[in-house]
There are 2 protein chains.
Amino acid sequence: MRHIARSPSDVGHALREARKAKKLTQKELAARSGIWQETISKIENGHPGTKLETLFDLCAALSLELVFTERSSAPAIEDIF
Amino acid sequence: MRHIARSPSDVGHALREARKAKKLTQKELAARSGIWQETISKIENGHPGTKLETLFDLCAALSLELVFTERSSAPAIEDIF
DNA sequence: TGTCAATATGATCTTTAGAGCATAAAGTGG
DNA sequence: CCACTTTATGCTCTAAAGATCATATTGACA
């Protein structure tokens, strides 16, 4: 799993893909992360204003990490391998 | 440039390193990103609650992108090459 | 060490995320 | 179709981010 994100809605997309890849429901992820299912739904759908703390709680529960890199010229939202 | 971030303060660290690598002052970055110098200072120092919108504004101004990946077992905060 | 740039801190104010709860809508399998 | 699960939406309330300005502190260097 590897997703490039350049906007909050990309983040929502990446989180949803990661969650699905691990076959978790929002409810299960909520239980693991401490973030409410309703909030997860909103984040996955790109609602504005998500805080970094919330993001990292979800990342931890999904065993994800964020890597900052120089911006590539490659296409944005899509998955890369 | 490549930084792993697993917490908001890692993000602050990564942003500061990226800004310095590009030889920009907080003031210059503020002008480019639309985020206030005071706010940049707080983010770099790990003040809580930074929003994704703010982060991406800074990333855009620094030509950075975020990549979500499976968590490695490698050491956390440090830079990797 | 004096000056100016760079960064940090601190206060106020406005806006809003997210908790928390209820419930609607959408999916899905029998 | 129906019942159940999953996801989305909507509400109120409270805590807090970030804009904004003012100022303190730190850092560079001539």
Side-chain angles (χ1 to χ4, degrees), chain A residues 1 3 5-66 68 70-71 77-79, chain B residues 1 3 5-66 68 70-71 77-79:
Chain A
M1 213 290 282
H3 277 81
R6 290 179 180 167
S7 70
S9 62
D10 289 351
V11 170
H13 180 248
L15 289 177
R16 171 161 286 165
E17 292 301 308
R19 176 176 62 80
K20 285 184 175 177
K22 296 185 172 61
K23 302 208 187 302
L24 292 172
T25 66
Q26 290 181 352
K27 196 176 186 179
E28 290 167 331
L29 178 56
R32 295 181 186 208
S33 65
I35 307 301
W36 286 71
Q37 176 267 318
E38 294 86 337
T39 300
I40 293 173
S41 170
K42 286 163 188 167
I43 292 170
E44 287 187 351
N45 286 300
H47 284 231
T50 305
K51 290 187 289 184
L52 289 187
E53 284 79 355
T54 307
L55 173 63
F56 282 109
D57 284 347
L58 293 173
C59 283
L62 290 168
S63 299
L64 294 181
E65 62 190 10
L66 279 188
F68 286 82
E70 291 302 315
R71 187 163 186 162
I77 301 160
E78 290 130 276
D79 307 352
Chain B
M1 214 289 281
H3 277 80
R6 290 178 180 168
S7 70
S9 62
D10 289 351
V11 170
H13 180 248
L15 289 176
R16 172 162 287 166
E17 292 302 308
R19 176 177 62 79
K20 285 184 174 175
K22 296 186 171 61
K23 302 204 187 304
L24 293 172
T25 66
Q26 290 181 351
K27 197 176 186 180
E28 289 167 331
L29 178 55
R32 294 182 187 207
S33 64
I35 307 300
W36 286 71
Q37 175 267 317
E38 294 86 338
T39 300
I40 293 172
S41 170
K42 286 163 189 169
I43 291 171
E44 287 187 350
N45 286 299
H47 283 232
T50 304
K51 289 187 289 183
L52 288 186
E53 284 80 353
T54 306
L55 173 63
F56 282 109
D57 285 347
L58 293 173
C59 283
L62 290 168
S63 299
L64 293 182
E65 61 191 9
L66 284 188
F68 286 83
E70 292 302 315
R71 188 161 184 164
I77 301 160
E78 288 131 277
D79 306 354

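Lettering of chains follows the sequences in order, A, B, ..., and the numbering in each one begins at 1.
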Checklist entry - Looking at NZ of A:K27 and CD of A:E38, how far apart are the two atoms once the value is rounded to the nearest 0.5 Å? => result 10.5 Å

Item to check | Residue-phosphate contact under 4.0 Å: A:S41 side-chain N/O, D:dT7 OP1/OP2 | outcome: no

Checklist entry - Looking only at side-chain N and O atoms, does A:N45 come under 4.0 Å of OP1 or OP2 in D:dT7? => result no

Checklist outcome for this item: Tested for side chain to side chain contact (heavy atoms under 4.5 Å, CB included) against B:F68, the lone hit among A:E17, A:E65, A:H13, A:H3 is A:H3

Checklist entry - What is the distance from NZ of A:K20 to P of C:dG27, rounded to the nearest Å? => result 11 Å

Checklist entry - Could you give the CD-to-C1' distance, from B:Q26 to D:dG27, as a whole number of Å? => result 13 Å

Checklist entry - Can you tell me how far C1' of D:dT5 sits from NZ of A:K27, to the nearest Å? => result 8 Å

Next on the checklist: Just the rounded figure in Å: distance from P of C:dA6 to CG of B:L29.
Outcome noted: 13 Å

Checklist entry - Given that B:I40 and B:E53 both sit by DNA chain C, which one's nearest nucleotide is further toward the 5' end? => result B:I40

Next on the checklist: Rounding to an integer number of Å, can you tell me how far B:E44 CD sits from D:dT26 C1'?
Outcome noted: 15 Å

Sort me out a list of protein N/O and nucleotides 18-23 of chain C N/O pairs below 3.5 Å, or just none if empty.
{"from": "C:dG18", "atom 1": "OP1", "to": "A:K51", "atom 2": "N", "distance (Å)": "2.9"}
{"from": "C:dG18", "atom 1": "OP1", "to": "A:T54", "atom 2": "OG1", "distance (Å)": "3.4"}
{"from": "C:dA19", "atom 1": "OP2", "to": "A:T39", "atom 2": "OG1", "distance (Å)": "2.7"}
{"from": "C:dG20", "atom 1": "OP2", "to": "A:W36", "atom 2": "NE1", "distance (Å)": "3.1"}
{"from": "C:dC21", "atom 1": "N4", "to": "A:E38", "atom 2": "OE2", "distance (Å)": "3.3"}
{"from": "C:dA22", "atom 1": "N6", "to": "A:E38", "atom 2": "OE2", "distance (Å)": "3.3"}

Next on the checklist: Side chains of B:D57 and B:T54, heavy atoms from C-beta outward: is any pair under 4.5 Å?
Outcome noted: no

Checklist entry - So, is B:R19 close to the C:dA6 phosphate, meaning a side-chain N or O under 4.0 Å from OP1 or OP2? => result no

Checklist entry - Any ion pair linking A:E70 and B:K22 (charged N to carboxylate O, less than 4.0 Å)? => result yes

Next on the checklist: If the cut-off is 4.0 Å, is A:R16 near the phosphate of D:dA8, judged by side-chain N/O to OP1 or OP2?
Outcome noted: yes

Next on the checklist: Categorize B:T25 for me: base, sugar-phosphate, or nothing, with a 4.0 angstrom heavy-atom threshold over every strand shown.
Outcome noted: sugar-phosphate

Item to check | Shortest non-hydrogen contact between B:L29 and B:R19, atoms and distance | outcome: CD2-CD, 3.7 Å

